[in-house]
Each structure stands twice: as structure tokens, then as C-alpha cells.
Amino acid sequence: MTNLPKIYDPQEIEGKWYKFWEEKRYFHAEVISDKPSYTIVIPPPNITGILHIGHALDNTLQDCLIRWHRMNGFNVLWIPGTDHAGIVTELIMERKLAEEGTSRKEIGREEFIKRMWLWKSESAGNIVSQLQQLGCSCDWERERFTMDDGLSKAVRTAFVKLYEQDLIYQDTYMVNWCPQCDTAVSNLEVEPIEIDGNFYHIRYPVVDSDIVLEIATTRPETMLGDTAVAVHPEDERYQRLIGKTVCLPLSNREVPIISDSFVDMEFGTGALKVTPAHDVNDYEIGLRHDLEQCVVFTSDGHMNENAGQEYSGLSRLKCREKVVEDLQKLDYLVKIVPHPHAVGHHDRCGAIVEPTISPQWFMNVKPLAQRAIEATKNGDVKFIPERETTRFLHWMENIEPWPISRQRWWGHRLPIWVCEVCQKSTAAMDTPVKCECGGTNLLQEEDVLDTWFSSGLWPFSTMGWPQKTDELQTFYPTSVLVTGWDILFFWVARMIMFGLACTDEVPFNTVYLHGLVADDKGQKMSKSKGNAIDPLETIQKYGTDAFRFALVNASTPIPYVPLPEAQIESGRRFTNKIWNAARFILMNLDKYPIRRENLDSMHENILEVNWIKSRLAQTINSATDALDNFRFHELAQTLYAFLWHEFCDWYLEFVKQRIANNQPYALWIAADVLEQTMRLLHPIMPFLTEEIWQQLPKDYDVIGTNIEPSVTVAEWPQSDVEDTIAEKTMSTLMNVIENIRSIRGELNVPNGATIDIHIQSPDPMVRNHLDSYLEQYLPAFTRVNDVVISESLPKPKASAEAVIGNLVIYIPLEGVIDLDEEKTRLSKRYQQIVKDIKAAQKTLENPQFVERAPEIVVQQKKDLLDRLSIEHDKLERSLAMLDNS
RNA sequence: GGGCGGGUAGCUCAGGUGGCUAGAGCGACAGCUUUACACGCUGUAGGUCACAGGUUCAAGUCCUGUCCCGCCUACCA
């Protein structure tokens with residue numbers, strides 16, 4: 001006997017089914033298969049991280065695609081894994097060390113790395129089990145980590161390969177330096193943040209002259225490192241000063257006045273202090289004029305001895321204060337003007353980035369970008385939404401060398417060895433025995449590679465590259481990459497470039513970039529803002545399937561997708577609705593078990609059965625179409641509307657009546673429709689659908705087949721043909737019912753009161769259908785007592801009425817009806833119709849419309865006008881009668 | 001400075017290639033303990049689709065301009 005709880009309890013079933021799937025190895029992909037491959041590599045989350053809302057969305061969408069393709073008969077592989085996340089992870093470890101009263105430098109590289117691995121092994125399981133809680137059907141037997149041996153070998157191979165092509169080189173150049181993390185970072189990791197800064201106007205006295213040059217700067221402390229002042233060559237104000245020198249206040253050094261067309265005459269005072277060691281533009285100017293590079297900062301953001309005794313040892317900020325103070329004291333400061341401007345901050349630690357000259361390893365990505373551009377333009381890789389293509393191409397076309405070395409420890413150490421004798425660098429897979437010069441003492445480069453270097457190889461390093469593995473053969477290039485648009489440049493761009501460089505192929509054919517989850521104010525959810533939903537708490541509270549449904553439903557093509565709590569609640573209500581629909585069907589199946597022999601002899605032509613089959617067919621089509629085009633919101637909407645508002649609101653209500661009349665056929669169809677709907681919903685709601693699917697009887701075959709051991713590997717439903725006649729008839733029937741309900745409601749007919757209705761329709765087919773259905777159903781649907789249907793009937797006295805095309809419903813309500821209220825009700829409808837008629841007439845009276853619009857559109861308009869006109873006339877007559885009574 | 005996205009019901013959003021009387025969820029209001037579900041059922045109200053032009057037989061949808069909001073990008077010190 002089926003005895004299900006009234007309220008769906010997700011806790012009860014989720015763990016059970018995940019275990020079942022794993023035991024059956026449904027998520028495992030075989031290398032040898034005659035099915036076509038469908039592959040996704042997970043954008044690897046941080047190894048020590050925990051699941052946040054962004055992961056939840058990203059992986060839910062991937063799981064939808066994966067599960068859908070699995071049901072569609074593909075050989076599906078979803079490779080999971082994690083990323084070592086160099087800088088962030090080190091930062092957290094350093095915080096831990098600080099709590100213990102020690103530091104990275106104090107314990108040394110070896111010990112530090114040891115601690116990192118230890119921590120890794122402790123926390124590695126977190127994110128994995130969280131992804132499992134989310135229901136992700138990854139092939140866990142193929143889980144990877146960026147610092148695994150195989151993947152590390154891929155890193156070295158790629159490095160050596162690119163080094164040998166001169167695409168990786170060492171150079172001393174100006175890079176973004178994070179004084180807090182003590183490492184170089186790339187442009188992408190620098191976040192410009194608008195701050196309320198100032199413009200400091202400072203006097204620079206010209207030597208051997210009483211002229212004083214006024215310069216304006218936002219960073220007065222850098223003047224300690226000035227080695228020139230630049231003006232525009234055509235600036236008449238300053239032309240005669242070019243070639244002279246100024247005396248640098250505070251440091252009292254003499255520096256030249258040079259001319260360079262970089263200087264903007266309109267901006268500031270038109271005179272620019274030049275600090276080649278601490279500003280990118282100044283650096284370039286310095287190179288052009290062969291200026292000295294005077295370094296005044298230490299790598300941890302303090303002033304060094306070049307800044308002068310007064311300032312040496314001060315922090316950047318303290319130094320600025322003191323410089324301004326001293327300038328004021330010595331009367332060099334003209335004024336301070338508020339000047340808001342953007343300052344680069346390190347996106348990982350938030351420290352202000354310092355442009356610094358330092359020897360770093362770079363990757364010349366320009367030639368690789370060129371290939372990526374070509375691959376994009378010829379369609380080898382496609383971006384969804386399409387607008388992302390423009391963004392991608394723009395970035396690729398303006399790409400700059402990528403600094404890949406980081407002065408950190410946790411990551412892949414550069415496979416570069418430097419000879420102690422000749423100082424020459426050698427790139428190699430393993431420590432070389434000796435150098436070209438014969439030297440045998442070679443030391444490996446201390447730096448590690450940017451984490452994105454190894455992540456960029458992820459689509460193929462996870463499959464065993466550089467070896468020619470069967471995995472690569474079968475699953476590469478992968479099918480699609482799914483991630484948020486915010487990491488298009490970080491990951492996707494690098495994956496494409498590396499893919500082309502290393503494998504000569506784009507690593508995926510499609511890139512789907514989804515939005516970022518935002519709070520109700522449209523702000524991106526993030527931990528630091530404190531506005532984030534915790535996925536694990538949410539799952540706890542609402543259940544995984546409800547959460548997943550909310551995420552999929554929120555996935556419209558906009559850049560920031562809002563996910564208010566109400567939407568998750570709505571998801572939970574939906575799971576409960578599904579649960580109860582299943583409960584209703586299962587409980588009744590106990591009383592009316594399905595019998596194949598009965599089924600065969602009962603293929604009756606039942607209106608509601610034909611209707612729901614037709615609706616299901618359309619639902620299958622639009623769900624498939626939505627998935628085909630990554631329209632996740634539409635997928636969720638379609639299934640929600642079908643299941644709730646057609647299957648539950650209408651079909652199951654019919655089933656109740658059938659059961660009451662001892663006719664279980666419609667119930668059995670309900671079971672079958674539910675079974676197929678569970679398959680349609682499975683990619684979104686894996687747990688609930690499996691639970692219900694397993695409980696449904698499997699020894700029958702009504703519409704589809706149901707013989708697989710799990711919905712996970714059941715076939716995606718095939719759509720039947722639509723039945724337009726059943727849909728049309730049903731729509732009339734539903735209309736009649738809705739109108740009666742509406743009248744009851746609006747005219748305040750007491751709830752318990754039964755009513756009679758008279759229906760007149762000139763259409764014999766309609767009359768026939770209504771005759772056979774209404775009598776049976778109306779009592780239950782609208783508490784109707786007696787139904788009279790005819791071609792023409794006089795309007796009963798004191799009756800309310802509704803007009804549906806050429807069909808009229810009268811409800812005699814003598815003694816109940818308030819004529820004024822009825823008049824108001826009808827006039828409202830009447831006025832609306834008049835308006836609609838006018839609009840339709842206007843269109844049809846336009847000869848050009850009739851001439852140029854497609855025939856079907858014209859016909860539709862005509863039909864509409866006909867329908868409206870009939871209603872109009874009938875209403876007009878009724879209103880006149882009401883006036884006379 | 002360049003580029004992109006958005007402005008549709010009280011709120012959050014749907015409305016692929018222009019063509020049904022502009023939709024949903026949530027909220028509001030009214031009424032229902034109808035034996036699957038009160039995480040429910042039934043009904044009602046609520047929109048000059050930011051503004052101004054234009055293209056078209058036809059514009060929420062395409063074009064131009066304007067005004068807001070958000071984001072990305074850029075070396076203006």
C-alpha cells in the first residue's frame with residue numbers, strides 16, 4: 001500500500017540515490033564506445049575552497065547538459081577536479097601561520113610546501129562532497145588536480161615547447177607588483193578601484209633661472225624617484241625650458257626637462273614629472289630618452305635608501321604624508337585639489353598594486369591570440385550568448401605579453417635551470433645534467449607559474465596530454481565549456497590559446513557563459529559583501545532539487561541573475577507539488593493497478609487523454625529546444641507550466657472524475673505522462689525525479705517505454721504528434737468552466753449553492769462535445785446541477801451570461817443575482833471588446849495590410865474580428881435587455 | 001574616452017529571426033479545511049512596454065537620438 005508523506009522531504013532521499021548512481025557507475029564514461037562523445041571539463045574550483053553560489057549555478061547548468069546528453073544516448077564524460085589556486089591559497093595559509101606566530105619565510109619553502117600538501121589532503125574532499133550533494137554527475141574516477149604528476153608533466157611540456165618556440169622568455173620589464181603578496185601579477189589580476197584622491201601641485205624650480213615649473217601629481221611620494229620632467233614639444237609655454245634642468249625639491253637632485261609627445265598639454269599643468277621606475281608611461285618615456293631608473297620602493301611597499309635618509313623605511317602611505325608635509329614646510333606645495341581617480345588593487349588581497357621593474361618570465365601570447373581569433377572568426381569556437389564574441393575578440397586583439405612567473409612557492413616551479421658558470425638558462429622536463437658550456441651546477445628557477453598557466457591546459461592535461469591517450473582520442477576536443485562571463489579572459493581565452501598551441505585544436509566547440517548570481521539589489525553575490533546565499537544552507541533548508549530548479553529558472557541571458565529567496569521557495573513548492581501529484585497517482589494505482597490486457601482493450605478516444613498527450617508532445621519539443629539552445633530559464637518555465645497548470649490543474653482533476661466513475665484508463669495515462677515528465681525534469685531535479693520514477697510501475701507500455709533501471713539512463717522522451725482538434729475542443733471546455741467560475745465569484749454566488757446553466761452554440765460538434773463532457777464534469781468543476789445545451793435558447797430570466805465566441809452561457813440566478821453588478825460586469829467586458837474590435841478593424845481596413853501581410857496573418861486577424869464581433873453583438877443585446885428589465 | 005547590457009504589472013523578470021486580445025513567479029485583494037498538495041484550490045485587480053523621432057501594411061521587438069541604471073575596457077599624470 002502506498003503510504004507517502006504529505007510533504008516532500010528531500011533529506012530522506014537525496015543521499016540514497018547519489019549512492020545508488022555511483023554504485024551503478026552511471027557517471028563513468030568508457031573510452032571505447034560506439035556512442036558519440038559528449039564531454040565537459042569542470043572549471044576547477046579551488047582545492048581548499050568551499051562551494052559558493054557561483055559554483056552552484058555553474059555546476060547545476062553543467063549537470064543539466066550532462067544528464068540530458070546521457071539520456072540522449074551520448075557517451076558522456078564530465079571530468080571533475082580542482083585547481084591549486086596559488087596566491088589565494090597561500091594567503092590563507094599565511095594567515096594560519098601568522099595565527100601560530102610564525103610565517104612563510106620563517107618556516108622556509110620546503111616546510112611551507114609540506115604544510116600546503118597536508119592542508120590540501122585535509123580539505124580536498126570538501127568541495128567534492130559538496131558537488132555530490134548538489135547532485136553533479138561527474139566521473140569521479142577521473143578526478144584531477146592541477147598539481148598531480150600527470151598534469152604537472154603537461155605544464156612542463158607546454159612550457160618547454162613554448163620556450164623552444166621563443167614564445168616564453170625572460171625580460172626585465174615593468175610589471176604590476178603586489179607588495180603584500182610579494183609577487184608580480186598580471187593586468188587581469190589588477191582591479192582598478194575609484195578612490196577619492198588628490199592632485200598635488202608642486203613647484204619644481206628651474207636651475208639657473210627664476211622660473212618655477214608647476215607640476216601636478218596624484219602620487220607625490222614618487223617624486224623622490226623622478227629623473228626628468230617632461231613637457232609637450234609643441235607646448236609654447238614651456239618650449240624655451242626644454243634642455244634646461246630643474247632642481248627636484250626634497251632630494252635636491254638636478255633632473256632634465258625633456259620633451260615628449262606623450263604629455264597631454266591640456267591635462268594638469270601640462271608638465272609631467274617622470275618616474276621611470278614606478279610608472280608604466282614614465283617607464284616608456286624613460287626608455288625613449290635614456291633616463292635613469294631610480295627605484296625608491298622596496299618589494300614590500302616601503303621606501304628604500306634611494307628615497308633619502310628622511311624617508312627610507314617609511315611605508316608608501318606614511319611617506320606620502322611626510323613628503324606633502326615637507327613640501328608645505330619648504331613652500332614647494334602650491335595646492336591640493338581633490339581628484340578622484342582609479343587605482344589598481346590586487347584582486348586577491350586588495351593591496352594597492354605597485355608598478356615595478358623586475359625580471360620576470362613572460363609569454364608572448366600575440367601569435368597564439370591570432371590563432372584564437374581565427375578559430376573564433378571561422379566558427380571553430382562559438383560563444384553563447386553571442387555578444388561575448390565581441391568582447392572576446394576585442395580582448396584578444398589588444399592582448400599584451402603575459403607575465404607568468406610568480407614569486408611564490410605553491411604551484412609549478414618553472415622548468416628553467418640556470419648554469420652557475422655561464423648564467424645561461426635551459427628549459428627542460430627534468431634537471432639537466434650539464435649546461436652547454438659544460439658546467440654541471442645548474443639551479444632551478446625559484447619562481448612558480450601563474451595558476452592560470454596550468455588551468456589553461458586543463459581541457460587536455462586532464463586527459464593525459466602530452467601522451468596520446470585513448471581519452472584524448474575519444475573525448476577531445478570537448479563539447480562545451482560552461483562558466484561565468486567574468487572569467488572569459490582568465491580561463492577561456494587561455495584554454496583556447498593553449499589548446500591551439502599544444503594540440504592544434506580548439507579545446508571546445510562551444511563556450512556557454514552564464515550570468516553571475518546577484519542579490520535583490522542587483523549586486524553580485526560575494527562572501528566579502530556578505531550578501532551571498534550559502535548553497536549548503538540552502539540545500540539543507542529547501543532541498544537540492546528546489547535549489548537547482550531555482551538556479552535553472554533564474555538563468556536568463558542577462559549578466560546578473562537575481563536569486564531572491566522567494567524564488568527558491570517557489571522551487572520548493574514546485575517539488576512539493578510534483579511530490580503530491582505522484583502521491584495522488586500512486587495511491588490510486590493501488591486501487592486500480594495497471595493491466596496491460598485492459599490497456600489494450602481500452603484505447604478509447606478520450607478527449608482529455610488526447611489533450612494531455614498533445615500538451616506533453618509540445619512540452620517535450622520546447623524543453624528539447626530550450627536545452628539545445630542553452631535557454632535554461634525557458635526549460636524551467638516550460639516544465640513548470642506544463643506540470644502545474646496543465647497536468648495538475650486540469651488533467652488530474654479529470655482523472656478524479658474518471659476514477660469516481662470507475663474508469664481508470666485516464667489514471668494510467670496520468671502515470672505514463674508523469675513518468676515522461678520525470679524524465680524531462682531529471683536534468684534539473686535529479687533526486688526527486690529518480691525517487692518518483694522508481695516508484696512508478698514499470699510493467700506497462702502506454703506511450704513510452706519504462707524499462708531502464710534508473711531515470712538517469714532512461715531515454716529522453718520523444719514527442720508524439722500534436723492533436724490540434726483535442727486542444728481546440730479542450731480549450732472551449734476550459735473556457736466554459738472558467739467563465740462559470742468567474743461568474744460565480746464575481747456575482748458572489750454562495751459557495752455551497754448549486755446552479756443550472758444553459759448553453760447555446762450553433763456548432764453541432766461543439767454541442768456534442770459539451771454534451772458528453774459537461775454533464776459529467778461540471779458538477780465537480782463548478783458545482784453545476786443541471787446543464788441544458790441547445791442550438792438556440794431564450795435567455796432565462798435574471799440570468800448572468802458569458803460569451804465565448806459564438807457560444808453563450810446563461811446562468812439563471814433569479815433571487816441571487818444583483819442586476820447592477822451583472823451589468824457592470826458585462827459592460828466591462830463589452831468596453832474591452834469594443835476597443836479590441838476597433839484595433840482589429842483598423843488593421844483590416846488598411847488595404848496595404850491585406851495586400852502585403854502573409855495570408856495566414858490576415859486570416860488570423862479576420863477570425864479574431866469575427867469572434868469579437870459576435871461577442872460584441874451578443875453582449876450589446878444582453879446589455880439592452882438588462883436596461884429594459 | 002571607447003564598448004556592452006538593462007529600463008515591460010507594486011517587486012523580480014520572460015517575451016530566438018517584427019504579426020495571436022503583452023506573459024510568469026512573488027506580492028496585493030476576495031472567497032474556499034473540495035478526501036494529492038494550505039508548500040494547496042478558485043477568482044479579481046494591476047501595464048501609454050523609459051522618452052522623442054524614424055523604417056514598415058504591422059514595432060515591446062528593427063534604426064537614430066535623448067535621459068537614467070549597471071558593467072566591461074583604456075597610460076590622461
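Numbers restart at 1 for each chain; the letters A, B, ... are given by sequence-line order, proteins then strands.
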Notebook entry, point to check: Between atom CD1 in Ile692(A) and atom C1' in A36(B), what is the gap in whole Å?
Noted result: 11 Å

Notebook entry, point to check: So what's G1(B) paired with, Watson-Crick or G-U wobble, going by both distances under 3.5 Å?
Noted result: U73(B)

Check: Rounding to a whole Å, what distance do you find between Asn576(A):CG and A36(B):C1'?
Finding: 10 Å

Notebook entry, point to check: Is Lys6(A) side chain donor-acceptor paired with the C37(B) base, going by distance under 3.5 Å alone?
Noted result: no

Margin query: As a test of reading the structure: which of G43(B), C39(B), C37(B) is closest to the side chain of Arg741(A), going by heavy atoms?
Written below: G43(B)

Margin query: Heavy atoms only, 4.0 Å cut-off, all strands: where does Glu746(A) land among base, sugar-phosphate and nothing?
Written below: sugar-phosphate

Next item on the list: Going 5' to 3' through nucleotides 22-35 of chain B, assign each nucleotide B (protein heavy atom under 4.0 Å from a base atom), S (under 4.0 Å only from sugar-phosphate atoms) or - (no protein heavy atom that close).
Entry: --SSS-----S---

Next item on the list: Using a heavy-atom cut-off of under 4.0 Å over every strand shown, decide if Pro854(A) touches base, sugar-phosphate, or nothing.
Entry: base

Note to self: Could you go through Ile336(A) and Phe199(A), starting from their C-alpha distance and side-chain angles, then the distance that decides it, and tell me whether this counts as side chain to side chain contact (heavy atoms under 4.5 Å, CB included)?
What the structure shows: CA-CA 6 Å; Ile336(A) 302 175; Phe199(A) 237 161; over 6 Å; no

Distances under 3.5 Å between protein N/O atoms and the N/O atoms of nucleotides 1-7 of chain B, please, pair by pair.
none

Checklist line | Opposite nucleotide pairing with G43(B), Watson-Crick or G-U, both atom distances under 3.5 Å | finding: C29(B)

Checklist line | Pair partner, U64(B) [Watson-Crick or wobble, under 3.5 Å] | finding: A52(B)

Notebook entry, point to check: Distance from Ile258(A) atom CD1 to Leu291(A) atom CG, nearest 0.5 Å?
Noted result: 4.5 Å

Note to self: Output the rounded distance in Å from CG (Leu287(A)) to C1' (C75(B)).
What the structure shows: 14 Å

